[in-house]
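See below for the structure under consideration.
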Amino acid sequence: MAQTTRIAVTPGDGIGPEVVGEAIRCLETLRTKHNLNLEWDQFPWPSHAWHQEHGESMPEDALAQLKAYDAILLGALGDPGPLNDPDRYLLTDSVSLAPLLEMRKGFDQWVCERPARLLPGARQYLADERAKDIDMLVIRENSEGEYVSQGGRLRKGTEDEIATQMEVFTRKATNRIIRYGFEQARARAADRSTEGRIREFRTLNGNTCESQVCLITKRNALRYWGDMYTEAFEEISKEYPDVATHHELVDAACMKFVQVPWAFDVVVASNLQGDILTDLAAVLSGGMGVAPSCNLNPTDPDMPSMFEPTHGSAPDIAGQGLADPTAMLFTAARMLEWFGRKDPVMATAGKELFGAVAADLAENAGARRGTQEIGEAICQRLSA
Ligand code: IPM
Ligand code: MN
């Protein structure tokens, strides 16, 4: 039997514990059904409550503790408290969200994968009928770029204050994220081919390919990293003559995501530009309630990857059983598929969970249901 796979469950704040609860319920069902060698431990940190009690969002050795696991399943972070209480315990956004970035950096989770596929039953925000064909994978560089957290404030609080925020792009991280994008494009084309849904993308020389990678930059203004990304993209693309290549400036990409989103396949973007584009992509594919996300380290098996939905802690509806767990459950499905790299039965379980969540979505399009009601319906489907 395969080695035990261990998950660190960190529900976090707001609706995090509620949606994570449904993920655990589904994991339990699948564990029993497939006799999965899967275990998990739940942590009260990182969280707002932990900060209030201990003066920090998580213990000093948090990363060392988490490193012992194969993955982290994270709910959401951030709790602004009851707005009508002026004395509430309040943290700035950058403090409450810091653990997220510490995990991404500390475990070198250099890929952030955010699929955006408009599934049947999901809310279609675009009126154009072709929006039904939206099926892209946005790959966000997750280790550096605009998120290196270097800079500072000088002469703070004075009229002459200066704030600097540095961006750092290394050739190594650039190469690896671009190559990862091409590999995913190939894998997606292969999957589509087995499912009999071929897509076609035109190359500049008039050929057609079954997959595409679109690189996003702002090279007309941010030329140093923009040019380096462009050169790396051109070089690496030569290894993938079967994949069509495309480039968009990030502002034009925002426009085209709305105008012709069905024309995109794999999209590779920098950390911040990918962050912004994936909120837009989430809405194009049904909204935050259905948008999964994962932070992966595909190169170092000793580093846990982290799985969290794209959405935040939604404090306005927290604790009321109203949150849609769909995004969390799609994320958990992706986590199982990730484990499937070592243990094939996990991949089967992941596909099953994805299928059950998608079927539930298709059947209940638009119906108002509570968090647990959705989780229970999906579990019943899994055990049927
Ligand atoms: C996300 C979030 C985070 C990010 C925030 C909470 C730091 O917006 O995961 O997309 O910017 O990466
Ligand atoms: Mn974001």
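Start at 1 and go down the list; that is how both ligands and their atoms are numbered.
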Shortest protein heavy-atom distance from [atom], along with the residue and atom involved:
atom	value
atom 2 (C) of ligand 1	D275 OD1, 4.0 Å
atom 11 (O) of ligand 1	Y147 OH, 2.5 Å
atom 1 (C) of ligand 1	R114 NH2, 3.4 Å

### Message
Can you tell me how the ring of H48 sits relative to the ring of Y89, calling it parallel under 30°, perpendicular over 60° and tilted otherwise?
### Response
perpendicular
### Task
Please work out whether any backbone atom (N, CA, C, O) or any side-chain heavy atom from C-beta onward of R140 is under 4.0 Å from ligand 1, and answer side chain, backbone, both or neither.
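Answer for R140: side chain.
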### Task
For ligand 1, note which part of H311 has a heavy atom under 4.0 Å away: side chain, backbone, both or neither.
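The answer is neither.
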### Message
For a 4.5 angstrom cut-off between non-hydrogen side-chain atoms, does D265 reach C214?
### Response
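No. Closest side-chain heavy atoms not under 4.5 Å.
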Side-chain donor-acceptor pairs under 3.5 Å in residues 279-291, sequence neighbours left out?
unit_1: S285; atom_1: OG; unit_2: A281; atom_2: O; d: 2.9
unit_1: S285; atom_1: OG; unit_2: A282; atom_2: O; d: 3.2

### Message
Please evaluate residues I72 and F43 with respect to the criterion side-chain contact (heavy atoms from CB on, under 4.5 Å), reporting the C-alpha separation (whole Å), side-chain torsions for both, the decisive distance (0.1 Å), and the verdict.
### Response
CA-CA 10 Å; I72 301 156; F43 293 83; over 6 Å; no
### Task
Any chance you could lay out the side-chain contact (heavy atoms from CB on, under 4.5 Å) test for E144 and T170, step after step, and finish with the verdict?
CA-CA 8 Å; E144 54 172 41; T170 64; 2.8 Å; yes
### Those atoms of ligand 1 less than 4.0 Å from some heavy atom in L97
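Atoms satisfying the 4.0 Å criterion: 6 (C).
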#### Entry: D275 atom (N/O/S) at minimal separation from the Mn ion (ligand 2)
OD1
### Task
Measure from NZ or CZ of R140 to the centre of the six-membered ring of Y147 and say whether it is under 6.0 Å with the direction within 45° of the ring axis.
yes
### Task
Tell me whether D279 has at least one N, O or S atom under 2.8 Å from the Mn ion (ligand 2).
no
### Query
Can you list every side chain to side chain donor-acceptor pair (under 3.5 Å) pair that touches residues 14-24, not counting sequence neighbours?
E22-R25
### Query
Out of curiosity, is T310 lining ligand 1, as in a heavy atom under 4.0 Å away?
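Contact check T310 vs ligand 1: negative.
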